[in-house]
*Asks:* 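Sharing a structure with you now.
When a residue number appears, it is its place in the shown sequence, counting from 1.
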Amino acid sequence: MPDIILLAELADFYDVSIPEIIDGERKSENMNEEVKETVLKLSDYTETINQKIKGRLFVLTVIAIIGMIAFVIIEFTGLDTPGSVYERVASAGLGLDCGMLIVLAMYLSGLLGKIKARREMKRKYNCK
């Protein structure tokens with residue numbers, strides 16, 4: 001590290017700021033623009049991922065609603081006799097509803113996004 005007196009002269013000679021000399025890094029004149037572009041790209045990527053997740057959740061919600069309707073109809077009509085096909089359909093509908101509640105809870109808590117991000121990182125870096 002040069003004497004403090006030489007820092008100002010070095011900064012003028014190399015056309016850099018004193019903090020750049022001390023930090024040992026040259027700050028790009030386009031740095032703010034580069035950071036802005038990176039943030040916008042990250043924002044677009046995040047929005048794309050969120051749209052995919054929302055689309056999948058919508059499909060799962062429709063399936064769960066159909067399952068719930070099937071369950072309710074079978075239960076109220078009394079078709080759910082033990083061992084019948086209707087009992088199995090009602091059980092599947094109820095299972096879909098419970099599964100959907102779990103997935104929605106994971107999505108709303110942010111856990112689903114973390115799992116997706118971890119999976120993307122593993123895929124990107126071929127980690128196991």
*Asks:* Can you give me every donor-acceptor pair (side chain of residues 52-66, partner residue at least two apart or in another chain, under 3.5 Å) with its distance?
*Replies:*
residue : atom : partner : partner atom : Å
Thr61   : OG1  : Leu57   : O            : 2.7

*Asks:* Which residues end up grouped with Val72 if you chain together Ile, Leu, Val, Met, Phe, Trp and Tyr wherever their side-chain heavy atoms are less than 4.5 Å apart?
*Replies:* Met68, Phe71, Phe76, Leu94
*Asks:* Give the minimum heavy-atom separation between Glu75 and Ala90, together with the two atoms involved.
*Replies:* OE2-CB, 4.4 Å
*Asks:* So which residues get pulled into Val89's cluster when ILVMFWY side chains under 4.5 Å apart are joined, directly or through others?
*Replies:* Ile74, Leu79, Val85, Tyr86
